[in-house]
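Accompanying notes for the structure given below.
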2 protein chains.
Amino acid sequence: MNAVTPNIAERIRALGARATPARVAVMRLLETAERALSHHDIELALQANGFDRVTLYRVLDWMVESGLAHRVADAQRVFRFSLAAPDAPAHDRHAHFRCEDCGKVFCLDDVPVTRPALPKGFSSSAVELSITGHCGHCGKHA
Amino acid sequence: MNAVTPNIAERIRALGARATPARVAVMRLLETAERALSHHDIELALQANGFDRVTLYRVLDWMVESGLAHRVADAQRVFRFSLAAPDAPAHDRHAHFRCEDCGKVFCLDDVPVTRPALPKGFSSSAVELSITGHCGHCGKHA
DNA sequence: TTGCTAATGCAATTGTGTTGCGTTTGAACC
DNA sequence: GGTTCAAACGCAACACAATTGCATTAGCAA
Ligand SMILES: [Mn+2]
Ligand SMILES: [Mn+2]
Ligand SMILES: [Zn+2]
Ligand SMILES: [Zn+2]
């Protein structure tokens, strides 16, 4: 019984991880979030569940590591998290847009990132193209 | 006597503030920096002067409040400061390389950054192309 | 030179995120 | 259904950039 969010739990297991209540709850929350959420936002929104603060930090770490979420430090130097586009190619192959207002990160799937030539002796492990500005939602009210 | 940086001290007084050694030193340092500096960077660069850490924090706060500097939180959520002067080098027109070993940031002057097309309603204020990897010096010992 | 108060130095504190470690639990297997 | 065990958790302690409180110093206008 208890038809618990089969989609999300299934996606978690598909990554080889355990579908715990904390992971399901955080992912569901981020899926419907209008803006990038801080750890504190999430703690407040899910306080009825009684998750430990460290558990929430670890869920968020795991989401970032496994490519499910983006993490960015906002202007007050607190991390904000937003869901990554599920069907996008690897994040280092496309550009990202970060809204200065709401903190949300958008995958710009159709803006490719090409690896530029480097000076002699240099080697690259990652390339990142990020644009900052106002997103479609926040630009309306500017 | 002691012709100490007349330009900077004068600019400080023109803002109605006192031209203290800490302010002059921090402003001079930021004027010649080719990247945004953290409080720690500044503390190290000016350690011969013996300024208190808090004094440096307060100088930087004052610079931001009075419009002399920009403050941004970097990916590791530490504040970085750069001069807001209109004649500042245009770091947003070229790519940057950050070495994973030594942490140094290199301006890749010949790798241009072009502003990509954005989704409807989006507007961009900055574009950043950053490559991470091993620099010429650190790559030799890899 | 003096007087006023902005600015400083130092200690304590805050806010956000991390680490260590013993305990619980998801899910694979029977 | 029960058994097993590493992944995940809860809690306490920790790390560290940044801020605040307060007594003292010093920039500069008069
Ligand atoms: Mn992406
Ligand atoms: Mn540059
Ligand atoms: Zn936005
Ligand atoms: Zn290096």
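The analysis underlying the following values was restricted to heavy atoms, covering all of them including side chains, and did not include hydrogens, waters or symmetry mates. All chains are named by letter (A, B, ...) in the order of the sequence lines, taking the proteins before the strands, and each is independently numbered beginning at 1.
- The residues Arg93(B) and Asp109(B) are annotated as not salt-bridged, no charged nitrogen and carboxylate oxygen being separated by less than 4.0 angstrom.
- In this structure, the CZ atom of Arg80(B) is 15 Å from the C1' atom of dA18(D), given to the nearest Å.
- Rounded to whole Å, the distance from CG on Leu56(A) to P on dA8(D) is 15 Å.
- At least one side-chain nitrogen or oxygen of Tyr57(B) sits closer than 4.0 Å to the OP1 or OP2 atom of dA18(D).
- The CD atom of Gln76(A) sits 15 Å away from the C1' atom of dA17(D) (whole-angstrom rounding).
- Scanning DNA chain C 5' to 3' for nucleotides with an atom closer than 4.0 angstrom to a non-hydrogen atom of chain A gives a first and last hit of dT16(C) to dA27(C).
- For Asn49(A), the side-chain hydrogen bond (donor to acceptor under 3.5 Å, both in side chains) test picks out no residue, with sequence neighbours left out.
- Note that the two end axes of the helix from dT1(C)-dA30(D) to dC30(C)-dG1(D) enclose an angle of 50°, each drawn from 5 base pairs, rounded to 10 degrees.
- No cation-pi contact links Arg71(B) to Phe81(B), judged by a cut-off of 6.0 Å to the six-membered ring centre and 45° from its axis.
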Run the side chain to side chain contact (heavy atoms under 4.5 Å, CB included) check on Met63(A) and Leu83(A) step by step: do they pass?
-> CA-CA 9 Å; Met63(A) 288 186 69; Leu83(A) 230 54; 3.6 Å; yes

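- Through direct or indirect side-chain contacts shorter than 4.5 Å among Ile, Leu, Val, Met, Phe, Trp and Tyr, Leu44(A) is connected to no other residue.
- Between His39(B) and Tyr57(B), the ring planes are parallel. Angles under 30° get that label, and only those over 60° would be called perpendicular.
- Across all strands, His40(A) comes closer than 4.0 Å to no nucleic acid atom at all (heavy-atom distances).
- With hydrogens and angles ignored, the 3.5 Å screen pairs a side-chain donor or acceptor of Ser66(B) with a backbone N or O of Trp62(B).
- Under the 4.0 Å criterion applied to side-chain N and carboxylate O atoms, Glu31(B) and Arg28(B) are not assigned as salt-bridge partners.
- DNA chain D is contacted by Arg53(B), Val54(B) of residues 45-54 of chain B, taking any non-hydrogen atom closer than 4.0 Å.
- Inter-residue side-chain proximity for Val127(A) and Thr114(A) is flagged as unmet; no heavy-atom pair is nearer than 4.5 Å.
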For nucleotides 24-30 of chain D, read 5' to 3', which letter fits each nucleotide if B means a protein heavy atom sits under 4.0 Å from the base, S means only the sugar-phosphate is that close, and - means neither?
-> --BBS--

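- Atom-to-atom, CG of Leu37(B) to P of dA18(D) comes out at 13 Å; the value is rounded to the nearest Å.
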Step by step, would you call Leu15(B) with Leu68(B) a side chain to side chain contact (heavy atoms under 4.5 Å, CB included)?
-> CA-CA 10 Å; Leu15(B) 292 166; Leu68(B) 292 170; 3.6 Å; yes

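- The side chain of Arg58(B) lies closest to dG21(D), out of dA18(D), dG21(D), dG10(D).
- The pair Asp41(B)-Arg80(B) meets the salt-bridge criterion, with a side-chain N (NZ, NE, NH1 or NH2) lying under 4.0 Å from an Asp/Glu carboxylate O.
- Between the side chain of Arg23(A) and the backbone N or O of Arg18(A), at least one donor-acceptor pair lies under 3.5 Å.
- Of the N and O atoms on the side chains of Arg115(A) and Ser124(A), at least one donor lies less than 3.5 Å from an acceptor on the other residue.
- Phe79(B) places its CZ atom 18 Å from the P atom of dC16(D), with the value rounded to the nearest Å.
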